Amino acid sequence: MDTCIRQNKCIYNMEKILTSVDYFSQFLSLEQILSYGYEFFHDTLGLKASAIYYLDDDTYKLVSQIGYDYDIKLKEHKKNDKINNIATLYGRILYENFQKYFDEDFVDYFDPELIIPLIVKDKLYGFIISDGFSYDNNPYSSILSMEYLEGMKTLLNMALSNTLLYRDYKKLARNIDKELFQQFSINQTTKILLAETDIEKLYSLCIDVVRELTSSSVTALILYDSIRNKFIVKGYSDIINFQNYYNEYELLSNSIDIQKTVFDLDKDMDELKSIFKNSDALKNLTAKYVVLIGKSPVMGFITVGEPVSGSVYDDSTLNQIENVGKTVYLALKNANYIAEIKQKEKETALQLKNIKKLNSMIRNINSCLELEELMEITLKTLAVGYKVKQAAIVLKDYNGFLLKSIGYKSSELSIKPHIFSESYDEVFYSQNTGSMEDFINISIEDAIESNCMILLPIKSDYIGMEDDSVLGYLVITKLDGIMEESHIVIFETLASSITPVIKQFLELRRFKIKD
């Protein structure tokens, strides 16, 4: 009879083992392990009463309980160094010395017979606390061996490990997919931004790209303006309230020593105060993050608000924002370089056009047969070719002075005597008309309409000259527009070109007078 009972008991235990292996070898979700898996574990071991706690943040929280005829009041156990030692220093089922790992009030409350740790990779994810096994007259229920209990614990922990590893794998796969998508987005973004060379269009494009990549509700692009010497809002998009915003910002220094470029407006305000003079004004942008564009020097910054999707900015999104800031930096530098090149091309083309025009005019001027004709054609050339509105040529003749002018309402125009007596031979030009009093006499009526002062000596560089080298002066006091240095170069070239002809005419006049 005893032999039969022992055989049946072995068969029963073997069936339980096979059933447990089969059950916990399945793919179980975390919820299934903490509910059905826990119930199966409890029934298989024949526990009288038990409760399962699982780690949530930094606290082990009660998930479920079986067999207790009262509501468990201690629903949490704080994670601490003492309880962590179960996984790292012990790792087996606890039958005694519970206070070594658990809080004393927790142990006193349950007065357990055993505690089964749920361990995955040296980390305690939870535990099952029980008041022991249930025994009855059933011949198949008896005290289970410690090896069997450890085996059941191992099965449960393996199932939990598989579930957590699969969860981590899924999370990693999602992160990889997200990272790949973000890298693809950044790659496309880089191509789009770097392909745009129009500065104004680039401002709008930057706002659109940042808003699409981050789902930002309020997006702003603030760039340095060299004229104002401040950072001004170049682009602003509020897709919630559809409002516009304009402001100016100043930095304490245009070179930033702080390593990071992405700042949380709430958490990093102290750092922002060390960068911006008016850091509090950043809050008016309804910004969540501030992203610097460049560091030495700072070209500007981008701000993004809360995402309209209701999600939060995770590390990958913040990295994406930072990468967008770097791309915007390159795009702006590229656009500025191209704008400079185009401007240089325009200036070069204009200079070439002016040189061709100047050569043609000089040929016409040098074909003149009389000095007065040369002076008149020169002034008309300046008026027609270069839109000079007030100009005069004053020459020192052997009998006095010769003067031809254009654009003046009054004939009250003369060179200050000291200019000739001192042989003033330097080119002078200024946008300030107040300086003309040092060089010429002009009527008040004409002075009011003047907008510049240009004095160009007509001088000969012939070394053997016994007389003064300065033959006269070309005077310009009004231009149609702003005076530029290119104008001075052209006027100086023109004055130099007509000097030899004027010298010959003056010499011829002197010989005629002697004869």
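Heavy atoms only: backbone and side chains are in, while hydrogens, waters and symmetry mates are out. This is a predicted model, so every value here is computed, not measured.
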Closer than 4.0 angstrom, basic N to acidic O: yes or no for [X] and [Y]?
X	Y	value
Lys201	Asp198	no
Lys61	Asp56	yes
Arg92	Glu150	no
Glu345	Lys342	no

List, one per line, each side-chain donor-acceptor pair under 3.5 Å for residues 264-274, sequence neighbours excluded.
unit_1	atom_1	unit_2	atom_2	d
Asp264	OD1	Asp266	N	2.9
Asp264	OD1	Lys267	N	3.2
Asp268	OD1	Lys260	NZ	3.3
Asp268	OD2	Lys260	NZ	3.1
Asp268	OD2	Asp264	N	2.7
Glu271	OE1	Lys260	NZ	2.9
Ser274	OG	Glu271	O	2.5

Subject >> Closest contact, heavy atoms only, Ile119 versus Ile86 >> reply: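 So the two residues come closest at CD1-O, 4.2 Å.
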**OP:** Of all the heavy-atom pairs spanning Tyr60 and Gly126, show the shortest one and how long it is.
**Re:**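 Closest approach of Tyr60 to Gly126, heavy atoms only: CE2-N, 3.8 Å.
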Subject >> Whether Tyr169 and Tyr166 hold their rings parallel, tilted or perpendicular, with breakpoints at 30° and 60° >> reply: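 Plane angle between 30° and 60°, so tilted.
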Subject >> Plane angle bin for Phe127 and Phe106 - parallel if under 30°, tilted between 30 and 60°, otherwise perpendicular >> reply: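 Perpendicular.
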Original post:
Are side-chain heavy atoms of Ser217 and Thr286 found at a separation under 4.5 Å?
Top reply: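 Heavy-atom side-chain distance check fails, nothing below 4.5 Å.
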Subject >> Intermediate values then yes/no, side chain to side chain contact (heavy atoms under 4.5 Å, CB included), Thr219 and Tyr236 >> reply: CA-CA 6 Å; Thr219 312; Tyr236 186 81; over 6 Å; no
**OP:** Output yes when a side-chain donor or acceptor of His77 lies under 3.5 Å from a complementary backbone atom of Phe102, and no otherwise.
**Re:**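 Between the backbone of Phe102 and the side chain of His77 there is no qualifying donor-acceptor contact (under 3.5 Å).
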Within 6.0 angstrom of [X] [atom1], more than 12 heavy atoms from elsewhere:
X	atom1	value
Tyr246	OH	yes
Ile482	CD1	no
Asp105	CG	yes

**OP:** For this output row, return yes or no: ring centroids of Tyr36 and Phe41 closer than 6.0 angstrom.
**Re:**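 No, the ring of Tyr36 stays outside the 6.0 Å limit from the ring of Phe41, centre to centre.
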